[in-house]
Amino acid sequence: MTIRVLLADDQALLRGTFRMLFDATEDMETVGEASDGREAVDLAAAEQPDVVLMDIRMPEMDGLEATRLITEADGPAGVKVLILTTFENDEHVAEALRAGASGFLGKGARPEELLDAVRTVASGEALLSPTATRALITRFLAQPDPCPVAVHERLASLTPRERDVTALAALGLSNEEIADRLFVSPLTAKTHVNRAMTKLAARDRAQLVVAAYQCGLVSPSGPGTLA
């Protein structure tokens with residue numbers, strides 16, 4: 001299956017570089033380029049890409065608001081957004097996740113890392129590594145938004161094992177690492193994660209992480225802390 005990618009960045013040279021990379025990759029194609037957030041929203045609705053590669057700082061409308069509009073819209077409900085950022089220096093990471101982004105990647109990433117990131121997000125997984133992103137998630141979700149009533153009620157419907165895997169996913173663990181921690185198979189861990197996502201109405205793993213922090217399932221007091 002060919003992954004359809006929309007590029008949103010105000011730097012034409014960077015967009016051109018990304019286009020050449022994606023169009024030269026067998027399982028990807030570029031379906032459009034946007035130079036600002038408003039254009040990204042309009043193109044996402046028109047082209048229905050699988051993934052939007054979104055810069056945060058753009059004129060007219062920034063990438064955060066564009067992400068929110070894209071993920072909330074009825075039309076492009078299945079569109080995934082991958083935020084490009086500068087890891088430690090960008091304090092908008094948590095806000096991007098709350099806005100509906102499926103993950104984020106540093107602009108200094110190698111080409112193969114970018115391609116893998118797009119594939120990961122397109123598959124419905126979240127790009128939340130247990131190393132580079134755990135500290136950021138913990139830091140910027142230290143004062144999370146109040147847990148929505150609907151999400152709190154859904155959280156109560158989780159089985160003890162589903163709560164366990166949700167908490168571990170929120171700490172940045174992969175399915176394989178969750179399986180090792182709980183002494184189950186990776187497939188079983190993935191099944192529990194998927195069931196928890198369904199019950200919490202989380203569009204992907206990133207939103208599962210946000211819900212876990214918002215509702216106190218994971219403590220933001222420090223990395224690796226379960227509530």
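Numbers here simply count residues along the sequence, with the first being 1.
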Measure across [X] and [Y] and return the closest heavy-atom pair with its distance rounded to 0.1 Å.
X      : Y      : value
Arg154 : Ala201 : NH1-CB, 3.8 Å
Pro49  : Leu43  : CD-O, 4.5 Å
Ala196 : Thr166 : CB-OG1, 3.3 Å
Val209 : Ala170 : CG2-CA, 3.8 Å
Thr71  : Gly100 : CG2-O, 3.5 Å
Phe18  : Leu84  : CE1-CD1, 3.6 Å

Measure the [atom1]-[atom2] distance between [X] and [Y] for me, rounded to the nearest 0.5 Å.
X      : Y      : atom1 : atom2 : result
Glu29  : Arg19  : CD    : CZ    : 9.5 Å
Leu6   : Lys80  : CG    : NZ    : 15.5 Å
Ile70  : Met54  : CD1   : CE    : 3.5 Å
Leu13  : Thr17  : CG    : OG1   : 4.5 Å
Asn175 : Asp180 : CG    : CG    : 11.0 Å
Thr188 : Ile178 : OG1   : CD1   : 12.0 Å

What residue pairs, at least two apart or across chains, pass salt bridge (charged side-chain N to carboxylate O under 4.0 Å, His left out) with a residue in residues 35-52? Arg4-Glu47
Is there side-chain contact between [X] and [Y], with at least one heavy-atom pair below 4.5 Å?
X      : Y      : answer
Asp62  : Glu65  : yes
Leu53  : Phe22  : yes
Asp27  : Arg119 : yes
Arg161 : Leu182 : yes
Arg15  : Ser35  : yes
Lys107 : Asp9   : yes
Asn194 : Met197 : yes
Leu158 : Leu200 : yes

Heavy-atom donor-acceptor pair, [X] side chain to [Y] backbone, under 3.5 Å:
X      : Y      : answer
Ser157 : Glu153 : no
Asp55  : Gly63  : no
Glu177 : Ser174 : yes

Looking at Lys190, I'd like to know if its NZ atom is crowded, meaning that more than 12 non-hydrogen atoms belonging to other residues, nucleotides or ligands lie closer than 6.0 Å.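 Atom NZ in Lys190 is not crowded, with 12 or fewer foreign heavy atoms closer than 6.0 Å.
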